Every structure is written in C-alpha cells, then in structure tokens.
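So the structure is just underneath, and the comments pick up after that.
Throughout, a chain's letter reflects where its sequence line sits, starting with A, and its residues are numbered from 1. The structure presented is a predicted model; accordingly, all values stated were derived computationally and were not measured.
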Number of protein chains: 2
Amino acid sequence: MKGIRQLAEHLAISIGTVSRALNGRPDVNEETRRRVLAAAEALGYVANQSGRSLRQGETKVIGLMIESSAEAVENADNFFLGVTSGLQSVFARHKLDLVMLPCPSDEDPHEYLKRMVARRIVDAMIISNTQRIDRRIDLLSRAKIPFVTVGRSLSANTFPWIDLDFEGVADRAVERLAAQGHRRIAITAPSSEVNLGYVFVESYRRALERHGIAFDPSLVIRVKSSEQGGYQAAHELLMLEDRPTAVILIYELMAIGLYRRLMESGVMPGRDLAVIGFRDAPRARFLQPSLSCFRMSLYDLGVALGQMLLARMPAYREFYSDAGGNMIWPLELVAGESDAFQLTEA
Amino acid sequence: MKGIRQLAEHLAISIGTVSRALNGRPDVNEETRRRVLAAAEALGYVANQSGRSLRQGETKVIGLMIESSAEAVENADNFFLGVTSGLQSVFARHKLDLVMLPCPSDEDPHEYLKRMVARRIVDAMIISNTQRIDRRIDLLSRAKIPFVTVGRSLSANTFPWIDLDFEGVADRAVERLAAQGHRRIAITAPSSEVNLGYVFVESYRRALERHGIAFDPSLVIRVKSSEQGGYQAAHELLMLEDRPTAVILIYELMAIGLYRRLMESGVMPGRDLAVIGFRDAPRARFLQPSLSCFRMSLYDLGVALGQMLLARMPAYREFYSDAGGNMIWPLELVAGESDAFQLTEA
DNA sequence: CCTACAGTCGTAAACGTTTACGGAGTGCGT
DNA sequence: ACGCACTCCGTAAACGTTTACGACTGTAGG
C-alpha cells in the first residue's frame, strides 16, 4: 500500500473523498465512509505523516525533552517515565503521540531544543530542569510553540508551568519535626544561585521562626541533589560541633547516600537523627529504616501537565478551558520510621 | 523566517541553488554557498522537516521504543537512558536524531509499533524487551524498516540483535563460586517459557556438571526480575531444608529485595550467603555489603547498537560494513564483598 | 571560429496529504 | 417549469522541500 491515491483507485472514487472519509468530515455519505474505512483497514493504509504535516502545518506529535546526562543515568530517577503515562492518557484522546527527546549530554540544551523546534518535528513541548534564567523559554515563546515547563523560572513573567510545592514541604517538614521536639533542624539545598535553593531555604527559615527557633546558617547544607550529595551532606552534618537532631532532604534519593554515611559512623537514622525526604524516587523507597517522605503521583502530574499544554494549543483549547496558567503541585506525607521518635529534652 | 523561498528572495537567487548550497552539493559556487549559509544563520532558517521528509522519503529520525509500564517506572532501571548516549554519539555523525517512543502500558506494543511505523515518523527502530515470539520483528521485516533488537527472539531466523552474555555469566558465576568451595549454588531466573529463563538455567546446569556438582531443580528459583522478585527469592531460599550457600541473581536489582529479606532473618550476605548479580542497575550499586556483579558499559552498548543499525540502512551502510549481524555482549565482573568469603567445608 | 566541457544556476516536477471551491444530482416548494 | 437548498463528490491548488534537467556562461583546444 503506497498512498491515498492507490486506495482511491482501488475504491474507484476520488482521492479527496477518501481523505474526507478517513478524517471524519461530515460531507461524505455514510455508506461511502464505511467502504473507505473497510478498505483502509484491509489494505493496511495509514496516512503518511510527512505529507499530512506538510499540508496541515502540524505533526500531531508532542515532545518531552529530557536530559540523558551521565548524572541522570546515575540517579536512575524515573521521574519522566512516570509522568509519561499520565501525559499519554491525555494525549491519546486527541490522537496525539508523545516522543521523548533526550538532549545529549555534550550538547547545549538550548541548541538542541532550537534544532528540534526549527525542524518542526513536534507541535508542542514539555521541558523540565528549568534554570533560573532559561533561554529555552524565550526561544519557545518567540517561536510560538506551545509549551509547559515543570519547574519555575524567572526568564519570562508569564508562561505556563507546574512546580512542586517546595515551600509547602519545607514548611510542613519543619512543623512536623518541631512538634516532635526538634530544635536543631538541618536542611539540604542546592546553591542559592538556583531559584529553588533560595526558595526552599526561605520557607524553612520562615517556618522556623514561626516556631520560635533561631535560624542557624551552618545548618543549611549546600550539596548536589544526588545520592553522592546525600553522602556529602551526612559527612558535613557529622562534623558540626553542635550536631542537629533532624535533617530535611530536598531530594529523596539523597537519603541513600546519607544513610550510608551515617551508618558508617554508627549514627542510626530514625533513632539518632530524624530524616525527612521529598519527591518521589522509587530507588529510595525501600530504605531501612523506611524514609518519611513527601510524595506525589507521577501519573497525576502527567495528566495535569498534558491538560495544561493542550489548553495552550488552539486546536484543543476548548476541551481544557479550565486548566490554569500554572500550578503548585501538592505533595503528601508518607510517614515512615526515619523520623518516628520523640526527642526527649536533653 | 518562513521557508526556503523567503531565504532565496532575500538573497536574490533561486530556491534551488539555496537548497543545494545548504545541502553541500558540489555544483554551487563556494562564494554563493558562503553567502547562503551566512544568511541562513542570520535569519535563523532551518529546513522544515515535513517538506524534506516528504520529498526524500526519509525522516532522519531513529526511534528507540521503550516501555513506560508501571513496572518499568518502579524498577527505575535507566538502562535505556544509558544506552541513549552511545546511540546519539553514533547518530550525531550523520545528523540523525534519536527519539524515545514510550509504549503506553495500556496499549499492545505490537499495535503501538505498527502505528509508529505506518505514520513513517522514524526511518529505523531499536526495539527491546523482545519476547520469545515477537510479532514486532515480523512487522518491521515486512515493512522493510531497518531495525535492531536488544535481546534475541525465535520469531525470525535472521535479524540483527545484540544480547547480553547470559550464558557466559551463568557459567563464570558458577565457576567462581565453585572455586570458593560452594557446592549448593542457587540461581534465579524467569519462567522457562521465556527464552532467557531456559538459556540461563541450561548454562548454569552445564557449568555445575563441569565441576562435578549435581543439578538440583529445587535450587532454581523462578521469580520476577525485580526488587520484589529478589525479596521473594530470598524468602524461598530461606525455606529450603538444605539451604544453599550461594545464589546467582539474573538481575542486579533483585539484590536489593534479597538483601532486605535476608537481613530480616539475620542472614548476612557475604558471610552467610554468597551473592552474585548481573547487569548494570545503578540502583543496586551502593548496597552494603557491596554486590559482586557482572557489569557492562551502557554507552558502549549504545554505540554498538547504533553502528549495527546504520549498517542495515542503505544510506549509511558503507561506513559500517564491519558491524556484524548480531552480537553477544560481554560483561565484566566487578568483585564486591557479597561473595568474598571462602567456604570452609562443613 | 567552432566545439567541447566544466562550472553555475534557474526551472519545474515531484513527494502525499488536506481542503476550498464548485458541480452534479436530488428533492421540494412555489 | 423554475428556483433553491441540500447532499455528496471530484478537481486542483497548496504545504516546503529536493533534484533531474537544461540553459547559460566562460575557457580551452582544435
């Protein structure tokens, strides 16, 4: 089966009618449509996407840009694979397909995205790992490609994003720990250059003040959000003269390294140090003692992202008028053993 | 910047010449080519992929089909993200782009692939998770889409694949354990219905015989190749009346669950039970005691897959004439503490 | 001076679709 | 008998490229 022309010849009707029949246009006899659909099925005809895209100016493909850096592989955080399911459940309703675009680690993400956009390989994009200033946002805005980011950015004052509720997590974590008697609560965060590094710590600071606990800069551990970073963080914690009794991790995965370093020094999480994690990372789900952690449904997040994106696309906007411009994604505390002890006043 | 026509008008030369200049054709004045390239750069022109694909009948995109099932997310095994880097390093040389095609968990992989192939969204495919009989192989063969699989299959007698050296691993693992005095060596494997489940156990059986150890069917633990499966396997091992002193895991990740179950019963890996794993899964890399494991470079595997695939594509064949038809991928033993003890004869 | 040829470039056809437009046929009301 | 509306379908033009072909130079060789 070559193309629509062969199908039309086979049916002895015009190519235009075949196209209309296949695309569900109203101006075609139902009997004719039935015959066309049957023949297409029988001959295994599916419209060539290139021809269709060229004519319509759209590809019916949505791109999800991800990083394939060594670090990403090492972290083995299937965040985006999890989100994918939710996205697809939304896209499938509109016959849209999803492709993941892995940016090579040796290529500038901005250049990579530019190439993808220019080649018109996708109609819309979901990008992640947004930086505090991220040129990709300007790029997509200027190119008028509908997009959604996961993570805020300061690059443009208005664009659609969904971000995790870092503030709420810092806040609730402090609240919970303070209620259990902790007064020296450490926190991990990336550099304050990164938007998140700033926001997370500020929320933590405010929560401390609300409980009448003085903010101690030495309890803010600036490390990478990885397993290695967790190890490093534990190391720094153990070096402190007035050792904290609790620590809040900005990334669940860090708990693995943290546990390891603690145990090397005979410090037992959940007994000698309270630990609370954040963000869903299956790798860390079976730690011993189990990690108290703020988690979320990756599937639901994918659904929300998908709806928000389609709401920005003229062709689908009508179905998703209620999808807002942006969103703070709430997380749920899954209580574990890692912070399950009352601190007796020393 | 709309299209090549505007670019041509701007330069006051014909559209054909612009195209030739951009595509590196020889029949264009070097001075002209310079001007065209400069103008394209300045105006940010990049050829529309749909138009190009339509004309040339190829998309310059290679697809890597992956599964986005809940199980895959749960396993958090970034096998394919790791392979991606190697693939891209090969494809980049030919200006080919790689997209990952996540098959929705609620869709039949065969149907999904059929759709992708019919829509001509990619020129070639890499598929994985090949089943013992896998209709996707027939589909791709019939559609004349170049492809490579990771994992063997019985579906066609000849097609290009790369598979991990399961036989060699089973063999060497037994060898190593036997040398350390073990005589009761258990092994985990998927159902013998699965090709791998059969092959792995057969190699194990042959290795046992070579060392004069009788094959005991009760030591073959049929479980899923996941963390859960590891837990289950440990459970079954502990139930055996004549408990084995060593176990070979078909999947590194299982070690996490296995360790957990063992420790629950006070059985210490690396002291009470020797454990050897297999296949690279970053999640399991930091177990305590460290896991002895057969590992490989995902990057190198990606390179090999990429070359093998291009060797099947007429346009690139010439560069990769040496890439063979298929390949057993070797693994390297990374010795850890989990099997580092000599068994004293009881 | 004619021919051959290499170096450049323009012209136009093709790739496979979708869709605006209009035409043929039918039914109906006047 | 005529006009009109409606249903269905065919025609042909676009979408943005690439590329076969031929045309036009200028140069060299006869």
Side-chain angles (χ1 to χ4, degrees), chain A residues 1-37 39-40 43-61 95 115 117-123 143 314-315, chain B residues 1-37 39-40 43-61 95 97 115 117-123 143 315:
Chain A
M1 175 50 45
K2 298 289 285 305
I4 200 175
R5 205 174 315 266
Q6 280 70 23
L7 184 56
E9 281 176 15
H10 178 259
L11 285 163
I13 59 180
S14 88
I15 160 181
T17 303
V18 172
S19 177
R20 281 191 296 267
L22 291 173
N23 292 20
R25 291 292 154 117
D27 54 347
V28 48
N29 188 306
E30 277 310 319
E31 165 63 13
T32 310
R33 186 193 309 280
R34 212 188 40 69
R35 283 181 51 227
V36 171
L37 289 177
L43 298 175
Y45 168 80
V46 179
N48 176 308
Q49 187 59 36
S50 299
R52 178 190 285 233
S53 298
L54 181 58
R55 170 64 217 233
Q56 307 197 122
E58 56 180 15
T59 65
K60 303 281 186 190
V61 176
K95 295 190 182 303
R115 218 174 68 225
V117 164
R119 286 181 59 175
R120 307 266 152 62
I121 229 171
V122 298
D123 290 340
Chain B
M1 176 50 45
K2 299 289 287 304
I4 200 175
R5 204 174 316 266
Q6 280 68 24
L7 184 56
E9 280 176 16
H10 177 261
L11 285 164
I13 58 181
S14 88
I15 162 181
T17 303
V18 173
S19 176
R20 279 191 296 267
L22 291 173
N23 292 19
R25 290 293 155 117
D27 54 347
V28 47
N29 188 307
E30 275 310 318
E31 164 63 14
T32 311
R33 186 195 307 281
R34 212 188 40 68
R35 284 181 51 226
V36 171
L37 289 177
L43 297 174
Y45 168 79
V46 180
N48 177 306
Q49 187 60 35
S50 298
R52 177 188 285 230
S53 298
L54 181 57
R55 170 62 216 233
Q56 306 197 123
E58 57 181 14
T59 65
K60 302 282 185 189
V61 176
K95 294 189 181 305
D97 277 311
R115 220 174 66 225
V117 164
R119 286 181 59 175
R120 306 265 151 63
I121 230 172
V122 297
D123 290 340

Practice problem: May I ask you to verify if any side-chain N or O of B:Thr32 is less than 4.0 angstrom from the OP1 or OP2 atom of C:dC9? | Solution: yes

Quiz prompt | Any A:Gln56 side-chain nitrogen or oxygen under 4.0 Å from OP1 or OP2 of C:dT19 | solution = yes

Practice problem: Determine: side-chain N/O of A:Ser19 to OP1/OP2 of C:dT17, distance under 4.0 Å, yes or no. | Solution: no

Self-check item: Nearest-nucleotide 5' precedence on DNA chain C, A:Arg20 against B:Thr17
Solution: B:Thr17

Practice problem: Describe the nucleic acid contact of B:Ser53 in one word from base, sugar-phosphate, nothing, applying a heavy-atom distance below 4.0 Å. | Solution: nothing

Quiz prompt | Selected nucleotide, minimal atom distance to B:Asn29 side chain, candidates C:dG16, D:dT17, C:dT8 | solution = C:dT8

Practice problem: Record whether the side chain of A:Arg55 comes under 3.5 Å of the base of C:dT17 through a donor-acceptor pair of N or O atoms. | Solution: no

Quiz item: Less than 3.5 Å between a donor and an acceptor, one on the side chain of B:Arg52 and one on the base of D:dT17, is that the case here?
Solution: no

Quiz item: Looking only at side-chain N and O atoms, does B:Asn48 come under 4.0 Å of OP1 or OP2 in D:dC15?
Solution: no

Quiz item: Does a nitrogen or oxygen in the side chain of B:Tyr45 sit under 4.0 Å from OP1 or OP2 of D:dT17?
Solution: yes

Quiz item: Between atom CD1 of B:Ile121 and atom CG of A:Asn48, what is the distance when rounded to the nearest 0.5 Å?
Solution: 10.5 Å

Quiz item: From D:dT11, D:dC15, C:dT17, pick the nucleotide closest to the side chain of A:Leu54?
Solution: D:dC15

Quiz item: Got a second to check how far A:His10's NE2 is from A:Ile4's CD1, nearest 0.5 Å?
Solution: 14.5 Å

Exercise. Would you classify B:Arg5 as touching base, sugar-phosphate or nothing, given that sugar-phosphate means primed atoms plus P, OP1 and OP2, and contacts are heavy atoms under 4.0 Å?
Key: base

Practice problem: Report the distance from atom CD1 of A:Ile4 to atom P of C:dT18, rounded to the nearest whole Å. | Solution: 5 Å

Exercise. With heavy atoms under 4.0 Å as the rule, sort A:Ile13 into base, sugar-phosphate or nothing.
Key: sugar-phosphate

Quiz item: Rounded to whole angstroms, how far apart are CD on A:Gln6 and P on C:dT17?
Solution: 9 Å

